[in-house]
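Read through the structure below, which is laid out as structure tokens, and then see the notes.
These figures come from a predicted structure and were not determined experimentally. We name chains A, B, ... by the order of the sequence lines, and we start the count at 1 in each one.
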Amino acid sequence: MPELPDVEVVKQYADATSLHQKVQAVRVGERRMLEGVSAEELASRLEGHIFEATQRHGKYLFLGLGDANWLMLHFGMTGDLKYFKDPDKKPEYEQLLIDFSNGYHLAYDAPRKLGKIGMVEDIGSFVKEKGLGPDVMKSSFDFGTFQDTVAGRRAMLKTTLMDQRLMAGIGNVYSDEILFQTRVHPRTQINQLGEQKLEEVFHTMKEVLQTAIDCRADPDQFPSPYLIPQRYEGGKCPNCGGEVGKLKISGRTAYYCSNCQRE
DNA sequence: CCTATAGCCTGACGGC
DNA sequence: TGCCGTCAGGCTATAG
């Protein structure tokens with residue numbers, strides 16, 4: 001569940017449950033998920049400290065413990081956070097378990113172990129080292145910036161939107177939604193779009209992501225003209241009622257309506 | 001610069 | 001029911 005809106009919802013969840021909580025003990029599951037830090041160092045940098053702030057950049061979440069000390073979480077394809085009191089309620093695939101001094105626990109659950117856990121001193125430096133582009137929901141990421149970012153590129157629009165080095169936050173599902181709402185065929189290259197269309201794509205991108213956040217990234221709550229609830233083989237296009245189809249684009253499956261999104 | 005593929009992991013699902 | 005192949009909202013490395 002981890003594109004920008006999903007991670008934003010996890011951030012809000014962390015805010016509501018774990019902010020101002022003191023970390024008492026830490027246990028690490030799969031060590032392979034650790035990035036640039038040992039389990040011992042991770043524990044010592046968390047234990048005894050209080051979560052004071054959270055921040056998100058693209059699909060990355062950071063939980064701050066003061067003094068240039070941030071817990072970095074990336075959720076891969078299946079990661080999530082769970083806050084609970086009863087040990088019986090602990091998730092099945094916890095890779096990191098934090099005990100708070102109030103008796104509650106925060107678990108990082110990751111069935112497929114595709115995410116990352118780390119510690120960073122400075123988020124800006126981390127973003128730079130990773131080569132991540134600006135967060136697409138930041139207000140400073142405006143149309144002019146978007147235009148400059150994609151200028152001279154020939155890749156497909158879908159691939160460009162998903163390129164975390166250019167702009168951070170969009171993944172396979174939400175790129176499909178943006179293409180659907182702007183009626184762009186998944187194979188369309190970005191340099192085939194005129195300035196007006198590009199601007200429409202930009203505004204739709206912002207709007208789709210904000211709407212998803214407002215709906216707590218729950219497809220059941222999405223407005224009815226959204227493709228995502230119908231994003232599977234045999235789904236019905238919410239616009240024309242036709243059947244939703246799929247294509248392979250850069251190794252990912254793109255769902256679209258061949259009637260509404262013409263080449 | 002751009003695309004396609006494989007690998008990392010494990011669960012869910014469809015076909016037989 | 002059980003087995004098998006395929007696929008899944010991520011990222012990275014590699015090859016052409």
Side-chain angles (χ1 to χ4, degrees), chain A residues 1-11 29-36 56-61 72-81 91-96 108-118 126-127 129-133 135-137 148-180 186-193 205 208-209 211-213 215-222 226-235 244-256:
Chain A
M1 52 173 306
E3 295 184 39
L4 186 153
D6 311 282
V7 178
E8 181 62 27
V9 170
V10 173
K11 176 184 184 292
E30 180 60 67
R31 310 248 160 158
R32 183 181 23 216
M33 298 192 66
L34 296 176
E35 189 173 88
R56 184 190 54 72
H57 186 100
K59 303 172 188 173
Y60 287 84
L61 179 64
M72 175 279 284
L73 297 175
H74 186 272
F75 297 98
M77 292 217 266
T78 55
D80 201 4
L81 287 184
E92 199 176 345
Y93 306 96
E94 57 171 34
Q95 308 301 340
L96 178 66
Y108 169 83
D109 194 40
R112 287 173 63 188
K113 303 176 187 164
L114 293 177
K116 287 289 173 210
I117 301 168
F126 174 82
V127 165
E129 275 165 37
K130 280 272 168 192
L132 296 173
D135 184 277
V136 293
M137 283 309 279
D148 292 347
T149 304
V150 305
R153 301 207 156 254
R154 293 157 294 153
M156 289 176 272
L157 171 63
K158 178 177 172 65
T159 313
T160 307
L161 292 173
M162 289 199 295
D163 191 336
Q164 306 300 302
R165 294 166 306 177
L166 300 178
M167 57 194 94
I170 300 171
N172 200 25
V173 168
Y174 285 97
S175 62
D176 278 355
E177 186 67 50
I178 295 163
L179 263 59
F180 172 73
R187 288 217 197 279
T188 310
Q189 291 172 285
I190 195 151
N191 59 358
Q192 293 179 289
L193 302 176
M205 169 184 88
V208 162
L209 297 175
T211 301
I213 292 168
C215 294
R216 302 202 61 78
D218 178 2
D220 291 344
Q221 294 181 42
F222 285 2
Y226 270 58
L227 173 70
I228 290 174
Q230 294 295 319
R231 190 185 172 279
Y232 54 90
E233 257 191 303
V244 171
K246 63 176 185 175
L247 285 173
K248 271 274 189 255
I249 303 282
S250 302
R252 311 301 299 279
T253 306
Y255 289 86
Y256 76 116

From CZ of A/R231 across to P of C/dC7 the rounded distance in Å is 14 Å
Do any N or O atoms from the side chain of A/E177 and from the backbone of A/L227 form a donor-acceptor pair under 3.5 angstrom?
yes
A/Y108 and A/F75 aromatic centres sub-6.0 Å
yes
Nearest whole Å is fine: how far is B/dC2 P from A/R154 CZ?
5 Å
Per nearest nucleotide of DNA chain C, the residue lying toward the 5' end, A/Y60 or A/Y255, is A/Y255
So what does A/G251 touch, heavy atoms closer than 4.0 Å: a base, only the sugar-phosphate, or nothing?
base
Any side-chain N or O of A/K130 less than 4.0 Å from the OP1 or OP2 oxygen of C/dT12?
yes
Rounded to whole Å, how long is the line connecting atom CG of A/N172 with atom C1' of B/dA4?
15 Å
So, is A/R112 close to the B/dG11 phosphate, meaning a side-chain N or O under 4.0 Å from OP1 or OP2?
no
Whole-angstrom distance between C/dT6 and B/dT5, as gauged at atom P:
14 Å
Just checking A/Q164: base, sugar-phosphate only, or nothing, at a heavy-atom cut-off of under 4.0 Å?
sugar-phosphate
Among B/dT3, C/dG9, B/dT10, the nucleotide that comes nearest once only the side chain of A/P2 is considered
C/dG9
Which residue pairs pass the salt bridge (Lys or Arg N to Asp or Glu O under 4.0 Å) test when at least one of the two sits in residues 149-158 of chain A, sequence neighbours left out?
A/K158-A/D176
For atom CG of A/D80 and atom P of C/dG9, their distance in whole Å:
17 Å
To the nearest Å, give me how far apart CG (A/L73) and P (C/dC11) are.
15 Å
Where the side chain of A/D109 meets the backbone of A/Y93, is there a donor-acceptor pair that is under 3.5 Å apart?
yes
Counting the atoms with a prime plus P, OP1 and OP2 as sugar-phosphate, which does A/K116 contact under 4.0 Å by heavy atoms, base, sugar-phosphate, or nothing?
nothing
Provide, to the nearest angstrom, the distance between the CE atom belonging to A/M77 and the P atom belonging to C/dA8.
9 Å
Report the distance from atom CZ of A/F75 to atom P of C/dC11, rounded to the nearest whole Å.
13 Å
Looking at A/Q164 and A/G169, would you say the former's side chain and the latter's main chain have a donor-acceptor pair under 3.5 Å?
yes
Secondary structure of DNA chain C per the Watson-Crick/G-U criterion (both distances under 3.5 Å; [ ] crossing, | other strand, . unpaired) is .|||||||.|||||||
For B/dC8 and C/dC3, measure between their P atoms and round to the nearest Å.
24 Å
With a cut-off of less than 4.0 Å, is there a side-chain N or O of A/T253 near OP1 or OP2 of C/dA8?
yes
Consider the side chain of A/A155, meaning its heavy atoms from C-beta on, and name the nucleotide among B/dC2, B/dA4, B/dT10 that approaches it most closely.
B/dC2
Nearest heavy-atom contact between A/T159 and A/S250 is OG1-OG, 3.1 Å
Figure out the CG/P separation between A/D6 and C/dG9, and round it to whole Å.
12 Å
For the side chain of A/Y174, starting at C-beta, report the closest nucleotide among B/dT3, C/dG9, C/dC11.
C/dG9
Taking atom P in both C/dC11 and B/dG11, compute the distance separating them and give it to the nearest angstrom.
22 Å
Nearest-nucleotide wise, let me know which of A/E92 and A/R153 is further upstream toward the 5' end of DNA chain B.
A/R153
Under 4.0 Å between a side-chain N or O of A/K248 and OP1 or OP2 of B/dT5?
no
Where the side chain of A/Q95 meets the backbone of A/M33, is there a donor-acceptor pair that is under 3.5 Å apart?
no
For A/T253 and A/N172, the nearest pair of non-hydrogen atoms, with its separation, is O-ND2, 3.0 Å
